[in-house]
Each structure stands twice: as C-alpha cells, then as structure tokens.
Amino acid sequence: MCGIIGYLGKQNAVPVLINGLRRLEYRGYDSAGLVVIGQNGEMIRERAVGKIDALAKKIENKNMFGSVGIAHTRWATHGGVTEENAHPHFSCDGKIALAHNGIIENYRELKTGLLKDHKFTSETDSEVLAHLIEHFYHDNLRLAVEKALALVVGTYGIAVVSSAEPQKIVCARRGSPLVLGVADDAFLIAFDQPQVFQDALAGRLLPQEGAAHLGGLNLSEEKLRQIERIVIIACGTAFYASLIGKYAIEHCTGLPVSVEIASEFRYRDPVILPHTLVLAVSQSGETADTLAAMREAKNKGAIVMGVVNVVGSTIAREAGRGVYIHAGPELAVASTKAFTNQAAILVLLGLQLGRQRRISLVKGQQIIEEIKQIPEKMKKILAQSEDIKKIAEKYQDYEHMFFLGRGINYPLAMEGALKLKEISYIHAEGYPAGEMKHGPIALIDEKCPVFGIMTKDSLYDKTRSNIEEIRARKGKVILLATEGDEEASRLAEDVIFVPSTMEMLEPFLNVLPLQLFAYHMAVLRGKDVDRPRNLAKSVTVE
C-alpha cells in the first residue's frame with residue numbers, strides 16, 4: 001500500500017512533491033523518498049525512514065532543485081522498513097529511477113535472471129522493475145518500460161524517470177489506478193482510492209483451473225485434503241468477517257466451520273480434534289485475545305494459520321504460516337477495508353479447498369468471474385455516497401436502530417450495527433431477521449428505525465416477510481435491495497440499491513452502504529469518525 005506523486009513543469013518539483021506526499025501519507029507511513037532531475041541532468045535522490053516529516057527535515061537544508069521528479073510514500077510489504085527499501089529505486093547506472101505501487105508476483109524469477117549483470121541494493125520486489133527497464137533501455141524510455149512490463153505478473157502503478165530523457169515521466173498501471181493532472185505549465189500524476197480488494201486477490205486466482213491458491217498456507221495438497229474441521233478465532237469486525245467466511249467455506253467444501261470469539265475461546269477448554277485447521281484473523285496481528293487463543297489452539301495440536309494485515313506482526317510470526325490480506329494501512333480506528341479483505345481471503349480459502357472436494361471446474365470458474373467483477377460494482381455503490389448521506393440526514397437524531405439480515409447477510413447486519421455504534425454512538429443491534437419475532441420486535445415502534453438487508457438471494461421471500469412484520473408495527477424501514485427490485489420501494493421509506501452478484505459474494509457489495517451510512521450519520525452528529533472515543537486500533541491487552 002503506497003502513494004506516488006510525479007511532477008513535470010517549470011517550478012521546483014521538490015515542494016510540490018513533498019506537499020503531494022503529505023496528501024498521500026494515509027496510504028503509507030513507514031518511509032518516503034523522492035528523486036528530481038537536476039539542472040545539469042543529474043539524478044538527485046533523498047529517502048528517509050518514518051513519516052513525511054522525516055524526509056522533509058532531511059532535505060530542508062539541501063539545495064535540491066529540479067523541474068521534473070517523482071516521490072513515494074511506502075508501507076512495507078516486501079522487505080523491512082529501511083532507507084534501502086524506500087522508493088524511488090535506481091538502476092545500476094543510476095540513470096533510471098522508479099516508484100512502484102502494487103505487487104510483482106514473479107519478482108524472484110525476474111531477479112534471478114538479472115543477477116548476473118545487475119546489483120541489487122534492496123529487498124523489495126519493486127527494485128526489480130528498475131533493473132529490468134535498464135536491461136531493455138536503448139535511448140527510448142517508454143519502449144523499455146513496455147518491454148519490461150510485458151514480463152511482469154502482478155499489479156502495478158509506476159512512475160519512471162531517466163536522466164537521459166529529462167523532460168519525461170513514463171507512467172503505467174495494471175490494477176492500481178492512475179490519475180494525470182494537466183495545468184497551464186505542469187503535469188501531475190498520482191493514485192485514486194486504493195484498490196485493496198484487488199490487492200487481496202492479486203496472484204491468488206487461477207481462472208483456468210477454476211481455483212484459488214493461497215501460498216502462505218505452506219501445506220501440501222495431501223495435508224490440505226486431510227483437514228476435517230476449521231475453527232476461526234477473531235474479535236470485533238474480524239469476527240463478523242469470519243462469519244461470512246464460515247458460510248463461504250462450508251458452501252464450497254462441506255467441511256464443518258465454527259467461528260469463535262477469541263476472548264472466550266481459551267477459557268472454555270476448547271476441544272481440538274485431529275486434522276483441525278485454526279485460523280487467527282486480526283487486522284493488526286497483535287490483538288491480544290486472538291493471539292492468546294491461537295497459542296491455546298497450537299498447544300492443543302491444531303494446525304494454525306494467521307490471516308493478518310500487518311507484515312511481521314506477532315500472529316504472523318508465531319503462526320508460522322498465514323496469508324496477508326493486503327488492505328494497506330487503515331488509519332481510522334473503525335475497520336472498513338480490512339473487513340472486506342479478511343472476508344475475501346476466507347472466500348478464496350473456501351474455493352481452494354472446495355476444488356479438492358465438491359466444487360467443479362465450471363463452478364469454480366463461475367465464482368472467479370463473479371469475483372473479478374466485484375471491484376467495478378463496488379465503485380458503482382461508492383458513487384451513491386451523497387444519496388446515502390441524504391438518507392442519513394433523516395435519521396441522524398434517532399438514538400436506537402436495528403439492522404436485520406438472513407443467511408450470509410446476517411453477519412453484515414451485526415457489522416452494520418457495530419459501525420453505527422462505534423463512530424456515531426447510536427445504540428444499534430444486529431439481528432437475524434427471522435429472530436426478531438422471538439422477542440426484539442417488542443422494541444419496534446416509530447422511534448426505532450430498522451435497516452434491512454433484502455437483496456435477491458435464496459432467502460429473499462423470508463426476509464421480505466420479516467420486513468412486513470416490522471411495517472405492521474409502524475417501524476420506519478431503510479432497505480438494501482438489488483437493482484430492479486420494485487417491491488423494495490413499496491416496503492420502505494428509503495431504499496439503497498446495489499448491483500446483483502452471486503449470493504456467496506453479496507457481502508462485498510452490501511457492506512459498503514452500511515459503512516457509508518454509519519460514516520454520514522457520525523459526521524452529521526459532529527463525531528470524530530477516525531478516532532471514536534474509548535477505542536484503540538490495536539487491542540493489545542485482554
């Protein structure tokens with residue numbers, strides 16, 4: 001997860017690049033660097049570990065000037081947090097500099113082929129691109145970049161400069177977004193909202209085989225076939241993401257899956273049967289409850305695996321095997337994109353194990369095709385933010401709310417309620433829609449609105465009946481419905497429509513309106529969305 005800014009114009013690029021990095025700092029904060037092409041054609045580079053202030057302080061007394069340059073802020077994925085691993089990276093001759101966002105999946109193979117003639121100075125996958133471009137360079141930077149990228153497997157957004165062609169920045173993208181800004185005397189390049197869902201999938205889908213591959217499992221095909229039970233341990237939002245994973249894995253594999261609240265798991269003397277895989281799901285990888293539960297499972301003989309976001313975290317190290325969700329740094333306390341990517345990894349695990357058991361080739365290919373369409377459908381939902389804000393304006397003064405869902409959307413109801421509680425301080429409860437009539441419906445009146453998830457899935461008719469029960473008690477209803485569902489407008493005061501997808505993948509779309517609704521409610525009520533009271537991003541105590 002990184003941010004890149006480039007500048008080509010008549011001003012000194014350095015202050016423009018530094019200011020641009022400050023705007024991008026939320027994308028990465030362990031190191032930063034920039035390079036400009038000086039007046040004599042020399043490449044001038046500075047890099048620093050830490051936040052952008054560390055880089056700015058390092059260059060403030062230096063006479064750095066150049067009207068062309070690129071800069072980068074980094075959040076480590078390959079290689080530790082060191083100045084050598086910070087971008088931009090140089091070619092061997094120092095005439096080519098590159099900043100890269102994304103993941104080069106075949107960098108090891110590429111590096112092996114270059115080692116004979118090139119000297120590497122970092123541990124990153126990104127540096128390979130600088131040397132590969134140098135390998136192909138013969139007086140045409142654009143052509144060299146094109147030839148190099150033809151060999152690359154993975155995702156990238158890159159900006160490349162060369163002292164041999166000082167009035168040029170070559171940019172390219174695959175998967176990562178890229179924006180070009182044009183002014184009267186300048187060109188600026190940068191990245192749109194990070195495509196973290198695509199990052200979670202990068203290199204892990206096998207379309208021809210209708211399968212997925214999570215390399216971090218470190219288990220042979222034989223060992224994977226021996227798994228008879230899966231236990232997922234997690235807390236908070238990760239717990240709800242894991243419940244979505246439960247539905248998907250059971251559907252794909254036929255294996256029994258249980259999801260345990262980590263803070264309760266080790267205190268009830270859990271039974272761990274042979275051939276049990278235990279997944280510890282945590283954004284930070286430092287959650288004390290989840291870490292302790294994972295250790296207990298490991299002591300009882302389980303195969304343990306971490307599903308975490310932070311590279312080198314304690315859970316990642318102690319599990320010995322695991323998968324990074326590649327959600328990038330999440331600066332707000334309330335988890336959003338990590339939720340989506342955690343669920344995505346669990347769906348991929350279900351597909352990987354499912355192809356060994358009950359998922360056919362054709363069915364696997366259908367799932368992959370639907371997964372690949374999710375990012376574009378997400379963008380369509382995010383474009384409705386202002387419409388969702390108008391709905392939030394109607395409900396900002398209410399102090400109680402229910403969220404209802406069924407099947408795979410039941411965990412989303414709980415997640416939607418949690419988000420509203422976390423950042424707006426409104427009391428909210430998430431319930432399985434069919435359970436409302438067994439007690440909670442007594443609370444429904446005109447002062448307690450209900451947010452119902454009623455998309456067109458196998459339980460649509462059941463959910464619709466539950467919403468009718470709410471309407472009969474004069475409850476105000478907001479519905480999340482599938483595009484084209486005319487029935488939804490008849491049942492609700494307000495409706496948010498989402499694109500259709502297969503039932504197993506609905507949460508990836510349906511969660512976005514819930515998050516946006518909570519966000520707008522909190523802002524309208526004057527709350528600090530990023531730093532809600534009493535909460536911490538990484539819960540390191542039990």
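Start at 1 with the first residue, then count along the sequence.
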[X] side chain near [Y] side chain, heavy-atom distance below 4.5 Å:
{"X": "His213", "Y": "Arg204", "result": "no"}
{"X": "Arg295", "Y": "Val304", "result": "no"}
{"X": "Leu277", "Y": "Met305", "result": "yes"}
{"X": "Phe197", "Y": "Ile374", "result": "yes"}
{"X": "Val14", "Y": "Val36", "result": "yes"}
{"X": "Met378", "Y": "Leu509", "result": "yes"}
{"X": "Phe65", "Y": "Gln11", "result": "no"}
{"X": "Arg22", "Y": "Asp53", "result": "yes"}

Arg355/Glu209 salt bridge by N-O under 4.0 Å criterion: no
Determine, for Lys379 against Glu376, whether the closest basic-nitrogen to carboxylate-oxygen distance falls under 4.0 angstrom. yes
Tell me every residue that passes side-chain hydrogen bond (donor to acceptor under 3.5 Å, both in side chains) with [X], counting only those two or more places apart in sequence or in another chain.
{"X": "Lys57", "value": "none"}
{"X": "Gln342", "value": "none"}
{"X": "Lys62", "value": "Glu46"}
{"X": "Lys147", "value": "none"}

Worked check of side-chain contact (heavy atoms from CB on, under 4.5 Å) between Ile158 and Leu149: CA-CA 10 Å; Ile158 62 170; Leu149 293 180; 4.0 Å; yes
Is [X] reaching over with its side chain to a backbone N or O of [Y], donor-acceptor style, under 3.5 angstrom?
{"X": "Asn85", "Y": "Val81", "answer": "no"}
{"X": "His87", "Y": "His100", "answer": "yes"}
{"X": "Thr73", "Y": "Leu21", "answer": "no"}
{"X": "Asn309", "Y": "Ile325", "answer": "no"}
{"X": "Thr253", "Y": "Leu255", "answer": "yes"}
{"X": "Asn12", "Y": "Gly66", "answer": "yes"}
{"X": "Ser385", "Y": "Leu382", "answer": "no"}
{"X": "Glu134", "Y": "Ile96", "answer": "no"}
{"X": "Lys298", "Y": "Glu318", "answer": "yes"}

Value rounded to 0.5 Å, distance of [atom1] in [X] from [atom2] in [Y]:
{"X": "Leu219", "Y": "Leu353", "atom1": "CG", "atom2": "CG", "value": "9.5 Å"}
{"X": "Ile368", "Y": "Gln373", "atom1": "CD1", "atom2": "CD", "value": "12.5 Å"}
{"X": "Gln208", "Y": "Leu361", "atom1": "CD", "atom2": "CG", "value": "9.0 Å"}
{"X": "Leu214", "Y": "Gln352", "atom1": "CG", "atom2": "CD", "value": "5.0 Å"}
{"X": "Met502", "Y": "His251", "atom1": "CE", "atom2": "NE2", "value": "7.5 Å"}

Test side-chain contact (heavy atoms from CB on, under 4.5 Å) applied to Ser163 and Glu42, step by step: CA-CA 6 Å; Ser163 58; Glu42 72 277 21; over 6 Å; no
Arg108 CZ: over 12 foreign heavy atoms closer than 6.0 Å: no
Can you establish whether the number of heavy atoms outside Glu60 located under 6.0 Å from its atom CD is more than 12? yes
Could you report the tightest heavy-atom contact between [X] and [Y], atom names first, then the distance?
{"X": "Val170", "Y": "Val145", "value": "CG1-CG2, 3.8 Å"}
{"X": "Thr124", "Y": "Arg74", "value": "CG2-NH2, 3.8 Å"}
{"X": "His89", "Y": "Ser122", "value": "CE1-OG, 3.6 Å"}
{"X": "Lys168", "Y": "Val68", "value": "O-CG1, 4.3 Å"}
{"X": "Arg266", "Y": "Ala292", "value": "NE-CB, 3.5 Å"}
{"X": "Val308", "Y": "Ser313", "value": "CG2-OG, 3.8 Å"}

Step by step, work out the salt bridge (charged side-chain N to carboxylate O under 4.0 Å, His left out) result for Glu222 and Arg225. CA-CA 5 Å; Glu222 181 182 357; Arg225 287 192 181 92; over 6 Å; no
Verify side-chain contact (heavy atoms from CB on, under 4.5 Å) between Glu296 and Ile272, making sure each step is shown before the conclusion. CA-CA 10 Å; Glu296 180 68 10; Ile272 300 294; over 6 Å; no
Test of understanding: with ring pair (Phe, Tyr, Trp, His ring centres under 6.0 Å), list the residues that count as partners of [X], not counting sequence neighbours.
{"X": "Tyr107", "result": "His78"}
{"X": "Tyr519", "result": "none"}
{"X": "His131", "result": "His118, Phe120"}

Give every donor-acceptor pair under 3.5 Å between a side-chain atom in residues 232-248 and any protein atom, sequence neighbours left out.
residue	atom	partner	partner atom	Å
Thr237	OG1	Glu415	OE1	3.1
Thr237	OG1	Glu415	OE2	3.4
Thr237	OG1	Lys419	NZ	2.9
Ser242	OG	Ala238	O	2.7
Lys246	NZ	Glu250	OE2	3.0
Lys246	NZ	Val257	O	2.5
Tyr247	OH	Gly407	O	3.0

Geometric cation-pi criterion Arg45 and Phe90, 6.0 Å radius, 45° cone: yes
According to salt bridge (charged side-chain N to carboxylate O under 4.0 Å, His left out), who are the partners of Lys363, at least two apart in sequence or on a separate chain? none
Test log, rule side-chain contact (heavy atoms from CB on, under 4.5 Å), inputs Ile303 and Arg321: CA-CA 9 Å; Ile303 304 166; Arg321 60 175 59 84; 3.4 Å; yes
Using the salt bridge (charged side-chain N to carboxylate O under 4.0 Å, His left out) rule, collect all pairs that involve [range], keeping only residues at least two apart or in two chains.
{"range": "residues 135-145", "result": "Arg142-Glu146"}
{"range": "residues 84-96", "result": "none"}
{"range": "residues 109-133", "result": "none"}

